[in-house]
Structure formats: structure tokens, C-alpha cells
Protein chains: 2
Amino acid sequence: MKDARKIKDLLYEQVARIGKVFSSPKRLELIELLCQGEKTVETLAREASISVKLTSSHLRELRMAQLVETERQGKNILYRLANKSVADLWVQVHTLAEDRLVELQLALQKIATQPADLIASDRESLMKAARKGEVVVLDVRPSEEYLNAHLPFARSIPLEELRQRLSELPKDRSVVAYCRGPYCLMAADAVALLKDEGFTAFHLREGVAEWAISK
Amino acid sequence: MKDARKIKDLLYEQVARIGKVFSSPKRLELIELLCQGEKTVETLAREASISVKLTSSHLRELRMAQLVETERQGKNILYRLANKSVADLWVQVHTLAEDRLVELQLALQKIATQPADLIASDRESLMKAARKGEVVVLDVRPSEEYLNAHLPFARSIPLEELRQRLSELPKDRSVVAYCRGPYCLMAADAVALLKDEGFTAFHLREGVAEWAISK
DNA sequence: TAATCATTCCAGCATTCACTAGAATGATAA
DNA sequence: TTATCATTCTAGTGAATGCTGGAATGATTA
């Protein structure tokens with residue numbers, strides 16, 4: 001009967017390999033970035049604000065847990081999530097964290113300059129309004145990420161170009177901005193800028209990965 | 001703009017607290033046990049084959065991540081999952097692990113004595129057959145766990161009592177046994193015993209937590 | 001060929017982790 | 001009071017982890 005113990009230990013140990021990947025803040029950040037589409041090591045390093053070497057070693061962990069795939073493209077190596085369920089798991093983990101951890105809730109409140117900027121994400125009605133053109137859904141991520149996937153009816157204006165392209169947006173309707181997800185600051189910045197310029201703007205906390213989760 | 005980095009780091013750090021809980025094999029085992037219902041520290045220690053003190057310290061981690069709740073009941077302290085989504089997360093993590101990790105797939109094959117014993121879990125048709133009484137769904141977990149929650153139409157005969165209570169089961173119909181989940185060995189043992197005794201028996205890999213996930 | 005992108009190996013450092021053991025503490029029930 | 005259940009503190013061990021730096025290696029492109 002000692003055998004049973006050994007087998008069980010082996011099984012849980014394997015599952016823990018997946019848990020370990022999700023136990024490091026930097027790896028979580030890399031996962032969220034990869035949720036936006038495939039990226040090179042350099043890009044990931046820059047966007048996560050860490051060295052290429054450290055990025056490489058975190059990506060190694062992800063590879064060893066079979067959560068990412070790689071593809072060489074010329075001089076670069078592209079990383080992408082191995083599976084949609086990896087993105088789903090990321091969303092489920094951070095959602096549970098937001099549900100349980102008061103510290104996280106408090107930290108999140110610091111992002112939205114004004115809580116009133118946040119839009120209560122009633123998907124049905126938001127999409128209905130977007131379809132009718134009553135609101136403009138604005139994707140402020142880099143355009144490659146928009147091209148990889150975006151919310152229905154969304155228009156792309158990367159945050160960096162927003163100030164120059166304000167004329168593309170209407171002042172008589174609401175603008176709902178979103179970015180990579182609740183931990184990305186781009187949408188909040190966009191909303192602040194838009195409101196400064198006299199637009200009616202709201203902040204949608206969810207990104208593409210969160211939106212894709214079937215509820 | 002350094003502020004943005006600090007806030008981001010803080011956010012991912014909080015989410016990583018949840019990931020850390022899922023990064024230890026023993027804690028995963030405790031979570032699975034708690035998926036079966038509330039239990040005392042002693043029970044958990046016994047069923048996970050670890051010391052009470054070590055169990056206590058793992059439970060402390062779970063408490064600090066707000067994933068469990070406690071309640072004093074006389075001399076004992078009962079632990080239970082704080083939320084259904086904790087059980088859901090456990091299921092999703094081990095499902096992803098089974099999907100991605102070949103080593104885990106191989107280890108799982110050792111459990112079912114014969115792969116043919118495994119029942120392809122087409123829920124619809126299994127439940128239809130169970131409703132009609134064409135098959136007997138058998139819960140071989142301890143009876144407290146059955147009382148806490150069980151599959152529809154399931155009958156309870158704890159593995160320990162199975163040998164003495166064989167006469168309660170029909171020989172002209174199939175018996176489908178299940179236990180705590182894919183990492184629990186009780187259902188496999190039950191099926192082996194039943195087949196030895198001339199019953200037609202199958203092994204359902206899923207437990208209550210897996211069954212409860214909406215697909 | 002040289003330059004770029006990425007990984008790997010080495011070493012080192014500080015920190016954390018899982019686990020064990022002994023002893024003390026607290027809360028409860030009989 | 002005594003016994004039981006559970007946690008906590010201290011202390012220790014061995015292992016792993018996150019990160020940094022330097023140097024070498026490979027694959028690719030120009």
C-alpha cells in the first residue's frame with residue numbers, strides 16, 4: 001500500500017508544476033502579455049521591464065511546463081501560449097485573487113483615477129450599444145495586439161497615437177476604452193486624456209482574455 | 001512613470017499569492033480533500049499522510065490566501081473551502097496539467113488497472129441510464145463525503161464496507177464507481193474488487209468537483 | 001564576414017520553502 | 001483537573017528560487 005502513496009505524490013507533483021508557473025509575479029506578467037498574442041523575447045522583456053536573460057529563463061519555465069510554444073521567425077523567436085486554456089486559467093486565477101484578496105482590491109482602486117470612470121461591464125447592453133453605434137469601443141493597445149484579436153465593434157487607436165488622433169473620435173457619444181486587462185494601465189491613461197480633452201470616456205476593466213471566458 | 005511599475009508589480013505579486021498555494025503538491029492534495037467537504041485538521045493530516053503540524057502549516061498558507069474558512073466545532077476545528085471557485089480552480093489546474101504534461105498522462109495510466117475499465121464520461125447518456133436504473137452509479141468515498149455532496153442517482157457504499165455489502169449490488173447491470181477524482185485510488189480498487197466478484201464494473205474518473213464544472 | 005537575437009553555463013547572493021523536532025500555549029470538553 | 005485538538009515559536013537542514021553578471025555558443029540575416 002506504500003505504492004499508492006508514491007503514485008499519489010507523483011500525480012500531485014506534476015500538477016504542482018503548473019501551479020509553480022503561476023507563483024511568480026513576473027511570469028504572470030509574461031502570461032498576460034502572451035494573452036495579447038505572440039511576441040518575441042525582446043518585446044516581452046521590454047514590456048515586462050526585465051532583462052532579456054531573465055525573461056529567457058522565465059520563458060524556459062513556461063516551456064518546461066508545456067504552457068507555451070515557440071517558433072523561429074528569422075532572427076527572432078516568437079513565443080505564444082500553447083493553448084487557449086492557459087489564457088483561461090490566467091483569467092480564472094486573477095479573478096479568484098480579486099475576489100478573495102482585499103489587498104488586491106485596494107491596489108486596483110488606485111488604477112482608475114476615478115471609480116466613476118469604470119464601466120459596469122454588462123456585456124449584453126454594451127455590445128448592443130456598440131452595434132448601434134451609440135458608444136465607441138476603443139482598443140488602446142499596440143496595433144499588433146489589436147490585429148491578433150479584439151472585442152467586437154472595437155476601433156484601434158494605440159495609446160501612443162491617441163493625442164494625435166483625437167479628431168477620429170466623436171464628442172457627442174461615449175468612448176469606452178479597454179486595454180490588456182485589469183492590470184494594464186493604458187486604458188486608465190487613455191480615459192484621463194480623453195476626459196481632459198472634453199470627451200465622455202469610460203474605462204472597461206476587461207481585456208480580450210477576460211471577455212473570451214464563457215460565463 | 002516609475003510609479004506605474006510599482007503598482008503593476010504590486011498587483012501581480014498579489015495574484016501570485018494564489019498561484020503559490022497551488023505550487024505545492026501537499027497543498028493540492030489538501031485542496032482536493034476539502035473539495036469533498038469540510039474536515040478537521042486531524043482528518044486532513046491522516047488522509048494526506050502527513051503530520052498534523054505540517055498540515056497545520058499548509059492550512060495556514062491556505063488561510064492567508066483567503067482560500068479556506070475555519071469554524072470551531074467543540075474540540076475540533078473544521079476547515080472548508082471559502083468559495084466554490086476554489087474547487088473550480090483546482091479542477092481547471094489539474095485538467096490543464098493533464099492536457100499538457102505527458103508525464104502526468106503516463107502516471108494516470110498506472111491507476112486504472114485496465115484502461116478498458118474507464119468509462120468515457122458522456123454525462124448525458126450516463127445520467128439517462130442512471131435515471132432509468134440501467135446502471136448503478138456507486139460512490140465509494142467515506143459516507144460523510146457522500147452526505148456532503150454526490151452525483152445524481154448515486155448510491156453510497158464506502159470502499160471499506162464494499163466487500164461486506166456486495167449483495168446490495170446487482171449482477172445483471174453495470175456498476176459505475178467513482179471517488180474523489182482522477183487522483184484518488186478508491187474507485188479503481190472498487191472496480192478491481194467488483195470484477196473479481198463477477199460484477200460488471202466501470203471506473204468513472206471524475207469526482208463531484210469535476211462534475212460540477214459547467215462545460 | 002560581422003551583427004543580431006536568444007539561449008546556456010558558470011558563479012554568486014539573498015531569500016524562501018518544505019519538512020522535522022521540541023517545547024510552550026490556548027481553547028475546549030469530560 | 002486532565003486529556004484532546006490545534007496552533008505557534010524556535011531552531012535547524014537541505015533544496016530551490018529569483019535575480020545579477022560575465023562569457024561562450026548557436027542560429028540567422030545582411
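Chain letters run A, B, ... following the sequence lines, proteins first, then strands; residues in each count from 1. Since this is a predicted model, take the numbers as computed values, not measurements.
Regarding contacts with the backbone of dT4(C), every side-chain N or O of Asn76(A) stays at 4.0 angstrom or more from both OP1 and OP2. Dashed line: the shortest gap from a side-chain N or O of Ser56(A) to OP1 or OP2 of dT7(C) is under 4.0 Å. Taking side-chain N and O atoms only, Tyr79(B) has no distance below 4.0 Å to OP1 or OP2 of dC5(D).
Atom-to-atom, CD of Glu61(A) to C1' of dC19(D) comes out at 13 Å; the value is rounded to the nearest Å. The separation between Arg60(A) atom CZ and dG18(D) atom P is 12 Å, rounded to whole Å. Between Leu78(B) atom CG and dC5(D) atom P the separation is 13 Å, expressed in whole Å. The distance from atom CZ of Arg46(B) to atom C1' of dA6(D) is 15 Å, rounded to the nearest whole Å. At whole-Å resolution of the value, CE in Met64(A) and P in dT7(C) are 13 Å apart. The nearest whole Å value for the distance from the CD atom in Glu71(B) to the P atom in dC5(D) is 18 Å. Note: CD1 (Ile77(B)) to P (dT4(D)) measures 17 Å, nearest angstrom. Between the C1' atom of dA18(C) and the CZ atom of Arg27(B) lies a distance of 9 Å, rounded to the nearest Å.
The pair Glu168(B)-Arg155(B) does not meet the salt-bridge criterion, since no charged nitrogen lies less than 4.0 angstrom from a carboxylate oxygen. At a threshold of 4.0 Å, the pair Glu206(B)-Arg123(B) counts as salt-bridged, since one of the basic side-chain nitrogens sits closer than that to a carboxylate oxygen. Ion pair Glu98(A)/Arg205(A) flagged as a salt bridge, since at least one NZ, NE, NH1 or NH2 atom sits closer than 4.0 Å to an Asp/Glu carboxylate oxygen. Taking a cutoff of 4.0 Å between a charged side-chain nitrogen and a carboxylate oxygen, Lys20(A) and Glu13(A) do not qualify as a salt bridge. With respect to Glu32(A) and Arg27(A), no salt bridge is recorded, no charged nitrogen being found less than 4.0 Å from a carboxylate O. By the 4.0 Å N-to-carboxylate-O rule, Lys39(A) lies close enough to Glu47(A) to be salt-bridged with it. Between Arg163(A) and Glu197(A) there is a salt bridge, with a side-chain nitrogen of the basic residue lying less than 4.0 Å from a carboxylate oxygen of the acidic one.
Within residues 9-17 of chain B, no residue approaches DNA chain D, by heavy-atom distance under 4.0 Å.
Sorted by first and then second residue, the ring pair (Phe, Tyr, Trp, His ring centres under 6.0 Å) pairs with a member in residues 36-92 of chain A read Trp90(A)-His94(A), Trp90(A)-Tyr183(A); sequence neighbours excluded.
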Could you give me the CA-CA distance, side-chain angles and deciding distance for Leu138(B) and Val176(B), then say whether side chain to side chain contact (heavy atoms under 4.5 Å, CB included) is met? CA-CA 6 Å; Leu138(B) 184 65; Val176(B) 174; over 6 Å; no
Under 4.0 Å protein heavy-atom contact, by nucleotide of nucleotides 19-30 of chain C - B base, S sugar-phosphate only: SSBB----SBS-
